[in-house]
Amino acid sequence: KRLVNMLIKFLMVVVSCVAILMIVIGLFMIANGSFEAFPTAEQIEKMKTVGILIFVVGLIIESIVLLLLHRKSKNK
């Protein structure tokens with residue numbers, strides 16, 4: 001049982017790190033737009049849309065992880 005709890009905590013940390021990375025990448029994509037030398041307006045808009053999507057998904061995942069950690073610490 002102790003091994004399972006350690007594994008769950010490890011997975012939560014990994015998922016949290018991935019979510020934070022998604023948030024940072026999303027913000028970077030929103031701020032910089034396209035990586036092309038001379039991007040078209042359509043390319044810039046697509047990159048910003050994808051950046052917003054990645055940012056929002058990262059926020060949702062991080063919120064779920066934090067909620068689970070809060071509930072787990074409350075039960076102890």
Side-chain angles (χ1 to χ4, degrees):
K1 185 173 180 173
R2 184 174 172 177
L3 181 64
V4 172
N5 285 339
M6 286 177 55
L7 183 61
I8 290 171
K9 284 182 184 178
F10 176 73
L11 288 175
M12 287 182 127
V13 169
V14 169
V15 170
S16 182
C17 289
V18 169
I20 291 170
L21 189 61
M22 287 175 70
I23 292 168
V24 171
I25 290 171
L27 287 174
F28 184 77
M29 290 172 75
I30 292 167
N32 291 324
S34 180
F35 299 114
E36 299 285 330
F38 302 104
T40 64
E42 184 181 347
Q43 289 172 326
I44 293 170
E45 187 63 31
K46 283 182 182 178
M47 288 297 286
K48 287 188 178 189
T49 303
V50 172
I52 291 170
L53 181 66
I54 290 173
F55 176 76
V56 169
V57 170
L59 278 179
I60 291 170
I61 292 170
E62 185 64 24
S63 299
I64 291 169
V65 169
L66 290 175
L67 181 68
L68 290 173
L69 286 173
H70 179 69
R71 283 189 179 176
K72 192 170 184 172
S73 68
K74 208 174 190 182
N75 289 338
K76 286 186 176 183

### Query
Going from NE2 on H70 to NZ on K74, what distance comes out if it is rounded to the nearest 0.5 angstrom?
4.5 Å
### I64 vs I60 side-chain heavy atoms within contact, under 4.5 Å
yes
### Task
Quick one: pull up CE in M47 and CZ in F28 and give me the separation to the nearest 0.5 Å.
8.5 Å
### Task
To the nearest 0.5 Å, tell me how far L66 CG sits from I61 CD1.
12.0 Å
## Note on the structure
Residue pairs meeting salt bridge (Lys or Arg N to Asp or Glu O under 4.0 Å), one or both in residues 41-62, sequence neighbours left out, come to E42-K46
### Query
Should L11 and V65 be counted in the same cluster of Ile, Leu, Val, Met, Phe, Trp and Tyr side chains packed under 4.5 Å apart?
no
### Query
Mind checking whether V4 and L68 sit in one hydrophobic cluster, side chains of I, L, V, M, F, W, Y counted as touching below 4.5 Å?
yes
### Message
Exactly one of I8, V14, V13 should register a side-chain contact (heavy atoms from CB on, under 4.5 Å) with F10. Which one does?
### Response
V14
Under 3.5 Å, which donor-acceptor pairs link side chains of residues 20-27 to any protein atom two or more places apart or in another chain?
none

## Note on the structure
On a heavy-atom basis, the closest approach of G58 and A19 is O-CB, 3.6 Å
### Task
Check step by step if side chain to side chain contact (heavy atoms under 4.5 Å, CB included) holds for N5 and K72.
CA-CA 11 Å; N5 285 339; K72 192 170 184 172; 4.3 Å; yes
